[in-house]
Structures are given as C-alpha cells and as structure tokens.
Visitor: 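Have a look at this one.
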Amino acid sequence: MKLLSIVVPVYNEEDNIDHFYEAVCDVMRTLSYDWELIFVDDGSADRSWEILERLEQADDHVQPIQLSRNMGHQLALTCGMDYSEGDAVITMDGDMQHPPELIPVLVKAWENGYEVVQTIRKTTEGVSWFKKFSSRGFYWLLNHISETHITEGGSDFRLLDAKVVRAFRHYREHVRFLRGMISAMGYRQTYVEFVAPPRFAGASKFSMKKMLHLAMDGVLAYSSMPLRFGLYAGVFCAFISILIFIHVLFSKFVIGDAVAGWSTVIGCVVFFGGMQLVALGLIGVYIGRIFEEVKRRPLYLVGREKPRIRKKSFRQEEGLQDSRMAAT
Ligand code: UDP
Ligand code: MG
C-alpha cells in the first residue's frame with residue numbers, strides 16, 4: 001500500500017492538536033493509503049509537546065519531532081519534509097485553517113498524475129482588512145520584480161510527490177520561501193482553491209514583524225532586483241544631467257540669459273551622483289550573481305526518466321552528493 005505523509009508544523013497549538021488529529025483520522029479512514037502524521041514542534045512553550053507524545057503513544061501513525069527552539073514555520077516545514085517517507089507528502093497547518101477534508105481532493109489530483117498540488121486560498125473568513133490588503137500588495141510586488149510567478153493566495157497547504165520532495169532536499173539555503181521555491185521547481189503542477197475558515201483555537205503566530213520578515217525573505221530570496229536598483233537610478237540621473245546640460249547650452253546661446261555657474265554646478269552634481277550610483281549598481285549586479293551561486297541549488301531537476309537512463313542517474317545522484325559535501 002502506498003504511504004502518505006502529512007507534515008504539520010506546530011507552535012503553541014495545545015488547544016488545536018487533538019481536534020486536528022481527530023479530523024485527520026476521520027479523513028484518512030476514508031482513503032486506502034497507509035499514512036504517517038509528522039508533527040514538527042517548532043519550540044512550543046505550552047503543552048503541545050506533551051500532547052504530541054501522548055498521541056504518539058496511542059497511535060503509530062503519529063510521529064512527533066521537536067526542534068531545539070522556535071525556528072519559524074518555513075524551517076519547521078522543511079524539517080518535516082526531510083523526515084517524511086511517503087510516496088506523497090502533504091504539508092498543512094495544525095490550526096484547522098487548512099481543512100483536512102481537502103486532503104482527498106489533493107490526493108485525487110496526485111493520482112491523476114500531478115506532482116505538485118498547490119492550494120490557493122480564495123478568502124479567509126474573519127481576517128482583517130489590513131492582512132488582506134498587505135497580502136495582495138505583497139504578491140503584486142513579488143510578481144513584478146521576480147522571474148518566478150507566485151499565485152496570489154498561495155498557501156503552504158500542498159501535496160508534493162516523493163520525487164519533488166527528494167529534489168527539494170537539495171535546496172539548502174537558509175533564508176527560504178517555500179511557495180516561491182516550489183513554484184520555481186517546475187514539475188507537473190496544479191491548483192485547488194479553498195476558503196480558509198478561521199482558526200479553531202488560539203491566535204495567529206504571525207505577528208506583524210514575522211509577516212514582514214516573511215515578505216522580505218520572499219522578495220530577497222526571489223529577486224536581485226533591489227540590488228540592481230542603483231544601476232537604474234544611476235542611469236536615470238545621468239540622463240537627467242544631460243538634459244540639464246542641454247538646458248544650460250540653450251539658455252546661454254539661444255536665450256542668452258544664463259545664471260552664471262548655477263546650471264553647471266547642478267549638472268555636475270547630478271552627473272557624478274549618477275556615475276556613483278551606476279558603480280554601486282554594478283557592484284549590486286555582481287553581488288546578485290554571488291547570491292545566486294552561494295545557494296548552491298541544483299542546476300536542473302529531472303521530471304521524468306526512462307529505465308535505461310535511470311541507471312545513469314544514480315551516478316548523477318552521487319555527483320550531487322559530492323558537490324553538496326564540498327559545499328558544507
Ligand atoms: N508555526 C510554526 N512556527 C512559527 C509560527 C507558526 O510552526 O514560528 C505554525 C503554527 O503552529 C501553525 C502554522 O505554522 O500550525 C501556521 O501559523 P499561523 O496559523 O499562526 O499562521 P496564519 O494562519 O495566521 O498565517
Ligand atoms: Mg493559521
């Protein structure tokens with residue numbers, strides 16, 4: 001029987017875990033798959049770990065891992081995916097905002113041959129106007145400055161085929177934004193829409209500060225555009241300075257009424273300011289390249305391969321292993 005792994009990061013979710021666990025059990029009973037439920041306790045300070053240990057005692061499906069401290073949602077998810085052994089891995093939140101009833105829908109799409117089944121949150125019930133607005137602005141910005149397209153409302157509720165999870169394990173950058181990374185990985189992707197209900201219990205763990213951090217990570221991990229900003233600004237200034245010089249020449253020789261010295265000084269200031277920005281921008285461009293290289297991402301991912309070529313790919317795996325070892 002095939003195995004499904006469900007990965008759930010939990011951070012101070014003592015009032016949600018039991019309810020979530022029951023809901024998952026109800027759903028999994030309706031599917032003919034073996035399953036494991038991997039909870040990653042992201043350094044909770046409440047009774048979450050106790051509850052997880054109790055569930056583990058009672059049910060072999062439950063496999064809790066505890067991180068040494070709070071490392072953040074994205075790293076907790078990564079840890080759970082590293083430990084998962086399923087033929088497909090589903091990641092979801094433990095607060096019931098990612099409805100377990102949707103699991104069969106994701107699995108169905110996977111059975112139909114999709115390797116990444118991403119959910120898109122249409123609306124979230126009971127979410128502030130501000131959160132909606134900031135989230136929309138964030139996706140707009142991200143999609144305008146980076147090459148990767150991330151659909152608005154994308155959540156970390158998704159199903160990944162084991163093949164994708166294996167490939168994902170080669171991505172070891174510290175600053176990570178899973179939505180963007182997975183969207184950029186390719187493979188056969190599809191979307192499922194859902195309406196996120198309010199949390200079952202407790203409050204959101206994403207403070208304004210954490211949201212800003214995540215947004216920054218998303219932008220910085222997915223775009224070197226901010227680094228190129230100096231270059232564009234510099235070229236713009238240089239252009240303006242040329243206009244100023246034309247204005248100077250025009251005033252002097254055509255109108256014959258130039259204020260002595262003023263235009264020349266401004267023109268020079270703008271011109272040299274522009275040159276400095278260009279130089280900074282160029283450095284930015286190189287840093288951008290370095291930034292891409294130090295991530296040491298796989299150069300390419302193979303989507304499908306036939307048996308005869310697969311034998312060769314083992315050598316390829318070893319090669320990757322070697323390069324990863326060299327990197328650490
Ligand atoms: N979470 C986590 N570490 C954190 C913050 C959150 O593991 O530092 C977990 C949390 O327990 C929940 C999920 O990530 O299962 C989503 O968090 P939350 O519901 O607070 O986010 P929101 O739904 O408000 O975006
Ligand atoms: Mg939530």
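All ligand and atom numbering here is 1-based and tracks the order in the structure.
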Visitor: Please report which non-hydrogen protein atom sits nearest to atom 6 (C) of ligand 1, along with the residue it belongs to and the distance in Å to one decimal place.
Guide: Lys205 CB, 3.6 Å

Visitor: Any donor and acceptor pair, going by atom type alone, linking the side chain of Gln118 with main-chain N or O of Ser155 inside 3.5 Å?
Guide: yes

Visitor: Measure the spacing between CD of Glu13 and CZ of Phe200 and express it to the nearest 0.5 Å.
Guide: 11.5 Å

Visitor: Less than 4.0 Å between a side-chain N and a carboxylate O, is that true for Asp18 and Arg54?
Guide: yes

Visitor: Determine whether any heavy atom of Arg199 lies closer than 4.0 Å to an atom of ligand 1.
Guide: yes

Visitor: Considering non-hydrogen atoms of the protein only, which is the closest contact for atom 24 (O) of ligand 1, and what is the distance?
Guide: Ser204 OG, 2.5 Å

Visitor: Quick check for you: to the nearest 0.5 Å, what is the distance between Leu37 atom CG and Phe20 atom CZ?
Guide: 6.0 Å

Visitor: Could you grab the distance from atom OH of Tyr191 to atom OH of Tyr114, nearest 0.5 Å is fine?
Guide: 11.0 Å

Visitor: Quick check: does Pro9 get an N/O under 3.5 Å from an N/O on ligand 1?
Guide: yes

Visitor: To check your reading of the model: name the closest protein heavy atom to atom 12 (C) of ligand 1, its residue, and the distance in Å.
Guide: Glu13 OE2, 3.3 Å

Visitor: Classify the contact between Gln97 and ligand 1 as side chain, backbone, both or neither, using a heavy-atom distance cut-off of under 4.0 Å.
Guide: side chain

Visitor: Run the salt-bridge test on Arg289 and Glu292 with the 4.0 Å N-O cut-off and return the result as yes or no.
Guide: no

Visitor: Return the NE2 to OH distance between His73 and Tyr11, rounded to the nearest 0.5 Å.
Guide: 13.0 Å

Visitor: Taking the Mg ion (ligand 2) as the centre, how many protein N/O/S atoms fall inside a distance shorter than 2.8 Å?
Guide: 2

Visitor: Could you tell me whether Val8 approaches ligand 1 through its side chain, its backbone, both or neither, with non-hydrogen atoms closer than 4.0 Å?
Guide: neither

Visitor: Return the residue, atom name and 0.1 Å-rounded distance of the protein heavy atom closest to atom 4 (C) of ligand 1.
Guide: Asp42 OD2, 3.4 Å

Visitor: Output the distance between atom CG (Leu77) and atom CG (Asp42), rounded to the nearest 0.5 Å.
Guide: 9.0 Å

Visitor: Relative to Tyr171, does Arg297 satisfy both conditions: NZ or CZ under 6.0 angstrom from the six-membered ring centre, and within 45 degrees of the ring's axis?
Guide: no

Visitor: Any idea which protein heavy atom is nearest atom 14 (O) of ligand 1, and the distance to it?
Guide: His73 CD2, 3.0 Å

Visitor: Decide, yes or no, whether a salt bridge links Arg47 with Glu50 under the criterion of side-chain N to carboxylate O below 4.0 Å.
Guide: yes

Visitor: Scan for side-chain hydrogen bond (donor to acceptor under 3.5 Å, both in side chains) pairs involving residues 79-88, sequence neighbours excluded, and state none if there are none.
Guide: Asp82-Arg172

Visitor: What is the nearest protein non-hydrogen atom to atom 21 (O) of ligand 1, stated with its residue, atom name and distance?
Guide: Phe206 CD1, 3.2 Å

Visitor: Looking only at distance, does Ala203 have an N or O less than 3.5 Å from an N or O of ligand 1?
Guide: no

Visitor: So which bit of Met71 gets within less than 4.0 Å of ligand 1, heavy atoms only: side chain, backbone, both or neither?
Guide: neither

